Structures are given as structure tokens and as C-alpha cells.
Amino acid sequence: MMNKPDSDFLVIGGGIAGMLFAIKAADVGTVTVLTKAASDEANTAYAQGGIASVWSVDDSFESHVEDTLRAGAGLCNRDAVETIVRDGPDAVRELIALGTRFTRVEEGGEDEYDLGREGGHSHRRVLHAQDLTGREIMRALGEAARLRPNIRVLENHVAVNLLVERGTDGQPGACWGAYALEAGGHAVTKLIARTTMLATGGAGKVYLYTTNPDIASGDGVAMAYRAGVPVANMEFYQFHPTCLYHPDAKSFLISEALRGEGAILRLPDGTPFMKRYHPDAELAPRDVVARAIDSEMKRLGLDCVYLDISHREPGYVRERFPNIFKRCLSYGLDLTRGPIPVVPAAHYMCGGIVTDLGARTAIPRLHAAGEVAMTGLHGANRLASNSLLEAAVMARRAFAGAREQLKENTGAPPEFPEWDPGQAIRSEQRVLITHSWEEIRRLMWNYVGIVRSSLRLERALRRIQLLKEEIHSYYWEHLIDSDLIELRNLVTVAELIVRCAMARKESRGLHYNLDHPDRDDAKWPYDTMLKAGDSHPTPSAGRPA
Ligand SMILES: Cc1cc2nc3c(=O)[nH]c(=O)nc-3n(C[C@H](O)[C@H](O)[C@H](O)COP(=O)(O)OP(=O)(O)OC[C@H]3O[C@@H](n4cnc5c(N)ncnc54)[C@H](O)[C@@H]3O)c2cc1C
């Protein structure tokens with residue numbers, strides 16, 4: 001009997017990129033969506049600020065392109081920027097058509113979408129649903145997916161490895177799905193599909209402090225890298241400048257839309273300090289703000305700094321930021337009455353799996369979109385609210401190509417072996433996992449954080465390589481579970497970040513090395529690209545600065 005795929009499309013990840021792709025793919029085939037936790041637990045659900053797109057008549061594509069290129073510090077791929085910016089309004093219209101309710105206002109007697117302004121944007125162009133934009137997008141996409149019988153969502157299923165054909169020379173051929181583990185158990189199943197979409201989001205959990213939820217452990221990057229797909233620019237990790245600093249608040253982000261609406265960063269004695277770092281003060285790009293806070297905290301030995309919007313009218317603050325207002329109040333902090341304590345935290349992975357503008361990776365029939373992918377849009381630094389934009393646009397573009405592929409790919413899949421646990425035994429020493437986990441995250445925070453040095457990076461690499469050896473032998477000797485899968489991926493991502501950071505002997509965008517404090521356009525107008533088996537990242541000449 002002919003070997004048959006389980007579905008036409010396997011989508012690994014149910015955030016904006018995965019869900020939007022799945023909804024579109026369901027028009028032409030059967031779709032399986034894997035989500036590692038509950039289907040609404042994704043970075044997307046936490047997005048507060050909104051989605052950037054040229055919307056008002058006063059705005060222009062040229063202006064959005066220029067703002068994006070400026071933020072990207074000479075490393076954006078202009079083609080990617082222009083394409084994604086120009087596709088933005090259609091992608092937003094599709095989100096609206098699928099049921100997303102962005103906030104509207106009365107403007108000169110007209111009922112319009114309210115457009116927010118954020119740091120680095122020269123126009124108001126951020127559509128938002130109050131300050132719960134991501135939740136609203138997830139609600140709309142979740143409901144749209146449920147209406148499509150062709151979509152099967154497998155919650156609490158962790159993709160482990162990609163199923164990739166190998167040629168006789170060992171080189172990767174086409175991708176045919178993935179091995180997946182049902183969380184809470186040890187059984188691994190094969191999920192065969194004609195087209196695979198990696199939409200696993202970011203890797204904030206590689207750092208001690210992060211705004212990301214627990215699902216963000218870089219699984220997609222690690223899986224693709226192991227399969228032989230090049231990844232790039234992993235040194236550019238964006239730290240959000242303002243995460244609430246409170247012992248009970250886990251990763252609660254204070255949107256930069258607050259600074260867009262006039263909030264001021266202050267030292268404990270009330271002194272504002274951002275003007276000393278950048279002429280745009282609080283509206284400077286994120287990396288500048290995060291480094292300024294980091295530098296003030298280190299200079300004065302502070303645990304945090306303060307963000308103050310109490311000079312704005314209280315009713316306005318409550319209405320514009322209802323979620324942030326309520327959450328802060330639940331910790332006894334009233335935004336309308338005084339400053340709140342904030343610290344920077346790992347937020348967004350600008351690098352990732354290298355894709356073209358059809359979301360195609362180097363492996364045939366393996367696509368990647370959203371935070372996991374590196375299209376060239378962000379360069380060395382992401383402009384606020386450009387990530388939801390990129391994820392939505394690239395999911396749509398991926399579908400356009402995948403639909404054509406599906407018509408051509410009608411043959412039987414090859415035989416892939418069942419998952420073989422070998423002599424693996426049940427893990428009895430959880431402490432080995434939890435300790436390694438904490439060690440990686442602390443090490444990355446201290447040595448590979450907002451400000452780096454060559455010595456710290458060398459030390460980090462030595463420790464990570466040792467941890468990697470230990471984790472890998474533990475992985476093969478024990479029955480796998482979701483914690484062990486994440487740990488293996490996390491150490492891979494940590495190594496990729498460090499190796500890319502070591503290769504870049506300059507400071508640019510989000511990467512700041514005290515030993516190479518200047519930008520070097522003569523030597524480093526390149527991406528740092530790494531493929532499994534490479535001893536060093538290669539500057540990718542394919543992308544002119
Ligand atoms: C607090 C916060 C605020 C933000 N605010 C904004 C904003 O205002 N504007 C903006 O543009 N961007 C914002 N971002 C960034 C933006 O939300 C993300 O970049 C974007 O949502 C990523 O979408 P995604 O679809 O790529 O991944 P995600 O939404 O993270 O989804 C990842 C999915 O992959 C699944 N997954 C992961 N690993 C596996 C595995 N091994 N097996 C199976 N499933 C797996 C997860 O379960 C999840 O379903 C914010 C991010 C955070 C954390």
C-alpha cells in the first residue's frame with residue numbers, strides 16, 4: 001500500500017504566523033497545527049503595542065521603509081523591507097476580514113482606526129486593539145481556525161526533530177514533517193506532511209529575564225539548524241527596555257506605546273536621563289533606550305529605573321492602557337499617580353532561520369515564518385511593531401508558494417523510521433535538567449546580554465560547549481520529555497548566539513561589544529551566517545548593507 005502523508009500541511013506553531021498560514025492552507029488541503037502548550041500560549045498573545053502598517057493618507061511606504069532601514073543599522077535587506085512594508089496593508093485587511101477588531105476612534109466626524117505612534121516611527125501607523133492587540137489577533141485567528149474542518153490543532157504536542165530526506169552524500173533533501181512528542185509523556189510519533197511550516201516563535205527563555213512566555217525556547221531554530229538549514233544574525237537579540245520590576249510580576253512588559261504617549265524614564269530621585277543618551281530621548285530606538293537603562297543601573301548600582309506617565313490625564317491613561325493599568329494596580333502601582341519600577345528583559349530574536357521572501361528555507365518544502373525566521377527585514381535591530389507585520393505578511397507569502405508546491409508534490413513520501421529510544425531509561429535526576437537550564441540562562445544574561453565583551457563571550461562559549469556535551473549525553477541516555485527537548489534546543493540557541501556575537505567584531509544595532517565599540521562598515525556590512533558543521537559563522541555576502 002502506498003505510504004500516505006498524515007496531512008498536506010504540518011504547521012509547527014500556532015501564533016500569528018502559524019495560524020494565519022494554517023487558515024489559508026485549509027482552503028487547499030488538510031492541515032495539522034502543533035502547539036507546544038495550550039493553543040493560545042504564544043508570544044503573539046502577549047503583544048500589546050500593535051502591528052505597524054502604512055494606513056493613513058499622511059503616511060507613505062517610503063517613510064515606513066526608511067524608518068525600518070534606519071532602525072536596522074545598515075543590515076536590512078532593502079528588498080525584504082520594501083516587500084514586507086508594501087504587503088502590510090493587505091495583511092492587516094486580511095486580519096480584519098478574519099475578525100480582528102482593532103481599536104477605532106472618531107476623527108473629524110469620521111470613524112477611523114486609531115493609529116498609535118511608537119519609538120523609531122516617524123508617523124502614526126500602529127494599529128492596535130487597546131493594549132491587548134496580540135490577544136485579539138489570537139482570538140480572531142483561533143475562531144477562524146475552528147470554523148475550518150480541514151484544520152486539526154494538536155495542543156500540547158512538542159515537535160522534536162524534522163523529518164528530512166537524506167541524499168547518498170548525506171546532504172538534506174526535502175522535508176516531510178516532524179517527529180512530535182505529546183507533552184507529559186515519552187511517546188514520539190511521526191507526523192508526515194507534504195509541506196512543513198516552522199512558526200515556533202522566539203527564544204527569550206535563553207535569558208534569565210525575558211518578556212516571553214515559557215514556549216519561547218528557540219525550538220524551531222535548533223531543529224532547522226540540526227537539519228542543515230543556515231541560520232543568521234543570532235547576535236541581534238532585542239532587549240525590551242521596560243519590563244515591570246516586581247517580585248510577583250512574571251515577565252510583564254510595559255509597552256513602549258507608553259513612551260510614545262509621553263512617559264518619561266527617571267532615576268530614583270526623579271531625574272530624567274534619556275536626553276543624555278539620544279536627541280529623541282524616550283522615543284529613541286529600543287536598543288539605545290535599553291543600553292541607557294543598563295548603563296544607569298550599572299553606574300548607580302540600581303535594581304531598576306522608573307517610568308512615569310502620571311503627568312497625562314488619568315482618564316486617558318486608563319482608557320489607552322487598560323490592561324497595563326489594571327496589572328500594575330494589582331501589584332499596588334498606580335500609573336496615573338506616579339512612576340513605576342522597570343528593568344530591561346530579552347524580548348525579540350532578530351536573527352533566525354534564513355528564508356527568502358517566499359518564506360522558503362534551504363531545505364525544499366520546509367518554510368519558516370514569524371519570529372523564528374530571518375528575512376532581512378529587521379537587520380541589526382527591529383523597529384517596534386514590525387514583527388507582527390512580518391509574521392502576517394510572510395505567512396501569506398509562504399502560502400502563495402506552498403499552494404503551488406502542493407499541486408506538484410503528489411508522490412508518496414519516503415519511509416522514515418519510527419522513533420527509536422534505544423537503551424534510554426527514565427530520567428530520575430531532574431536536578432540535572434533544572435540546574436543546566438538555570439546555568440544557561442544566567443550565563444547568557446551575565447555574559448551575552450545587553451553589553452558584551454570579547455572575554456565574556458569566550459568564557460560563555462567554553463561553558464556552553466561543556467554544558468552542550470553534558471546535555472547531549474543525557475539526552476541520548478534518557479527517555480525524552482518536553483523539558484529535555486527544550487533544554488537541548490536552548491543550549492544550541494545559546495551557542496549560536498555566542499558564536500555569531502564572537503564573529504561580529506564591531507558594535508551595531510543590538511550587538512554592543514566593549515572591545516569593538518564602533519560600527520565597522522568597511523569590514524562588517526554582512527549577516528553572520530551559520531550552518532551545522534561550520535566552524536565559524538561566515539559573513540553572508542548575499543546581503544549588501
Ligand atoms: C510581551 C510581548 C509584547 C510584544 N509586543 C509586540 C507588539 O506590540 N508588536 C509587534 O509587532 N510585536 C510584538 N511582540 C513580538 C511578537 O509578538 C512576536 O514576534 C510574534 O507574535 C511572533 O509570532 P510567531 O507566530 O512567530 O510566534 P509565537 O506567537 O511565539 O508562536 C509560537 C508558537 O510555536 C509553538 N511552538 C514553539 N515550539 C514548538 C515546538 N517544539 N513544537 C510545537 N509547537 C511549538 C508555540 O506553542 C506557539 O504556538 C511582542 C512580544 C512579546 C513577548
Side-chain angles (χ1 to χ4, degrees), residues 48-49 116-120 131 207-211 238-347 381 384 442 445-447 449-453 456 507 510 512 514 517:
Q48 297 174 346
R117 179 164 177 204
E118 296 191 343
D131 57 354
Y207 285 101
L208 188 59
Y209 300 113
T210 175
T211 62
Q238 187 170 57
F239 286 76
H240 196 285
T242 54
C243 200
L244 188 64
Y245 180 71
H246 189 280
D248 300 335
K250 195 183 164 207
S251 313
F252 186 61
L253 179 144
I254 307 294
S255 163
E256 62 189 327
L258 257 86
R259 282 180 283 120
E261 302 302 341
I264 295 167
L265 281 161
R266 299 185 189 279
L267 295 175
D269 66 1
T271 313
F273 57 88
M274 275 311 302
K275 274 257 181 289
R276 279 196 276 118
Y277 289 91
H278 197 278
D280 292 341
E282 275 73 10
L283 290 182
R286 275 188 182 167
D287 60 315
V288 178
V289 181
R291 249 193 329 271
I293 298 175
D294 190 62
S295 150
E296 289 300 304
M297 285 171 55
K298 291 205 166 104
R299 185 175 73 85
L300 298 166
L302 304 173
D303 289 331
C304 63
V305 296
Y306 293 84
L307 187 68
D308 187 6
I309 196 164
S310 61
H311 50 282
R312 298 263 348 225
E313 208 269 308
Y316 170 78
V317 173
R318 278 194 293 267
E319 185 153 327
R320 175 69 178 85
F321 304 107
N323 174 47
I324 299 177
F325 176 75
K326 267 195 234 131
R327 274 293 287 274
C328 287
L329 209 56
S330 73
Y331 303 118
L333 301 164
D334 186 343
L335 275 182
T336 65
R337 285 172 176 265
I340 54 165
V342 291
V343 281
H347 186 54
N381 193 0
R442 191 168 290 280
W445 184 259
N446 288 333
Y447 290 171
I450 298 173
V451 175
R452 298 156 182 179
S453 76
R456 283 183 230 162
S507 291
L510 299 165
Y512 189 79
L514 291 167

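FYI, side chains are in, hydrogens and waters are out, and symmetry mates aren't considered; it's all heavy atoms of this structure. Keep in mind that what you see is a predicted model, and the values were worked out from it rather than measured.
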Less than 6.0 Å separating the ring centroids of F239 and Y207?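 Aromatic pair counts; centres sit under 6.0 Å.
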
Show, in sequence, the C-alpha distance, side-chain angles and deciding distance for L335 and I340, and conclude whether the side-chain contact (heavy atoms from CB on, under 4.5 Å) test is met. CA-CA 7 Å; L335 275 182; I340 54 165; 3.7 Å; yes

Heavy-atom pair of closest approach, residues [X] and [Y]:
X	Y	result
G49	E118	CA-OE2, 3.3 Å
E261	R312	O-NH1, 2.8 Å
P344	I450	CB-CD1, 3.7 Å
R442	L208	NH1-CD2, 3.7 Å
I293	P241	CD1-O, 3.4 Å
Y277	S295	OH-OG, 3.0 Å

Run the side chain to side chain contact (heavy atoms under 4.5 Å, CB included) test against R337 and tell me which residues pass, sequence neighbours left out. D334

Spacing of [atom1] belonging to [X] relative to [atom2] belonging to [Y], to within rounding of 0.5 Å:
X	Y	atom1	atom2	answer
N323	Q48	CG	CD	6.0 Å
R266	E296	CZ	CD	14.0 Å
D269	Y306	CG	OH	11.0 Å
I309	F325	CD1	CZ	12.0 Å
I264	M274	CD1	CE	12.0 Å

Any chance CZ of F273 has more than 12 other-residue heavy atoms, nucleotides or ligands included, within less than 6.0 Å?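 More than 12 heavy atoms, drawn from other residues, nucleotides or ligands, come within 6.0 Å of this atom.
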
How about R276: does its CZ atom have over 12 heavy atoms from other parts shown lying under 6.0 Å from it? yes

Side-chain donor/acceptor of [X] to backbone N/O of [Y], under 3.5 Å:
X	Y	result
H311	G262	yes
R327	F252	no
D131	I324	yes

Tell me, do [X] and [Y] make a side-chain contact under 4.5 Å, heavy atoms counted?
X	Y	result
I254	C328	yes
L244	Y331	yes
R259	L265	yes
E256	T242	no
R456	L514	yes
D308	P272	no

Is the closest side-chain donor-acceptor distance between N381 and Q238 under 3.5 Å?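 Per modelled atom types, N381 and Q238 side chains form a pair under 3.5 Å.
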
Under the side chain to side chain contact (heavy atoms under 4.5 Å, CB included) test against C243, which residue among T211, V342, T210 passes?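 Only match with C243 under side chain to side chain contact (heavy atoms under 4.5 Å, CB included): T211.
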
